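Here's the structure we're looking at; comments come further down.
Just so it is clear, the values below take in all heavy atoms, side chains as well, and ignore hydrogens, waters and symmetry mates. Quick caveat: nothing in here was measured; it's all calculated off a predicted structure.
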Amino acid sequence: MNRRDWELPVKAAQLGEDAIRQELILMENDSELDTRVSLVKEDGISVRLITFQEKHLEYLRGHPKVNPISYLTNLRTMIKIRSEK
């Protein structure tokens, strides 16, 4: 096997904003995921509510190098509601 056979894996196709929004909506509708509304501080004083969808779309817009497929997969894992033992 030579070096040409060791090509890097094909990059995951970038999702468009509509597809990302649809995934976030599916997460919001899943009762096993914690998708509560968040408080966000603006200019250090005022506070506003931001929906789960807005929060994560805003993050992805601000970080264009983040792979949205990986981000959504990790997000789903992190917000999974786990039953207490």
Side-chain angles (χ1 to χ4, degrees):
M1 182 183 274
N2 62 34
R3 188 170 179 145
R4 269 186 253 151
D5 297 329
W6 296 356
E7 291 182 33
L8 296 173
V10 177
K11 271 191 169 179
Q14 295 295 314
L15 292 178
E17 189 169 319
D18 290 336
I20 294 169
R21 185 180 305 278
Q22 288 295 62
E23 285 296 317
L24 292 170
I25 290 170
L26 288 173
M27 286 185 201
E28 285 179 330
N29 294 330
D30 188 338
S31 63
E32 294 182 1
L33 301 177
D34 180 7
T35 58
R36 288 179 271 176
V37 174
S38 300
L39 289 175
V40 176
K41 285 189 178 180
E42 293 179 337
D43 60 12
I45 301 169
S46 63
V47 176
R48 69 180 175 101
L49 292 175
I50 184 170
T51 66
F52 175 80
Q53 233 182 97
E54 289 176 61
K55 177 180 177 179
H56 295 288
L57 280 172
E58 196 173 290
Y59 177 85
L60 287 169
R61 283 186 202 113
H63 298 86
K65 291 186 178 184
V66 171
N67 179 332
I69 296 170
S70 297
Y71 181 82
L72 293 171
T73 301
N74 291 335
L75 178 61
R76 182 177 290 279
T77 301
M78 291 186 315
I79 64 173
K80 177 103 174 147
I81 297 173
R82 311 235 190 281
S83 60
E84 294 186 32
K85 292 181 180 179

task = Look up atom NE2 in H63 and atom CD in E58, then write down how far apart they are to the nearest 0.5 Å.
result = 10.5 Å
task = Nearest 0.5 Å please: distance from the CE atom of M78 over to the OG1 atom of T73.
result = 11.0 Å
query = Same cluster or not: are V47 and V37 linked, directly or through other Ile, Leu, Val, Met, Phe, Trp or Tyr residues, by side-chain heavy atoms under 4.5 angstrom apart?
reply = yes
query = Between atom CD1 of I50 and atom NE2 of H56, what is the distance when rounded to the nearest 0.5 Å?
reply = 9.0 Å
message = If the condition is side chain to side chain donor-acceptor pair (under 3.5 Å), which residues does R82 pass it with, not counting sequence neighbours?
response = none
Residue pair I20 / Y71, side-chain heavy-atom distance below 4.5 Å = no
request  = Verify the neighbour count for atom CZ of R36: are there more than 12 heavy atoms of other residues, nucleotides or ligands below 6.0 Å?
outcome  = no
Non-hydrogen atoms of I69 and N67 that approach each other most closely = N-OD1, 2.9 Å
query = Do you reckon Y59 sits in the same ILVMFWY cluster as F52, going by side-chain contacts under 4.5 Å, direct or chained?
reply = yes
query = Rounded to the nearest 0.5 Å, what separation is found between the CZ atom of R21 and the CD atom of Q53?
reply = 5.0 Å
request  = Begin from the C-alpha positions of L57 and R61 and carry the test side chain to side chain contact (heavy atoms under 4.5 Å, CB included) through to its verdict.
outcome  = CA-CA 6 Å; L57 280 172; R61 283 186 202 113; 4.0 Å; yes
ask   = Closest heavy-atom contact between K80 and L33?
value = CA-CD2, 3.7 Å
request  = Taking the side chain as every heavy atom from C-beta outward, state whether L24 and T35 have any atom pair closer than 4.5 Å.
outcome  = no
remark   = In short, L72 meets E23 closest at the heavy-atom pair CD1-CB, 3.8 Å
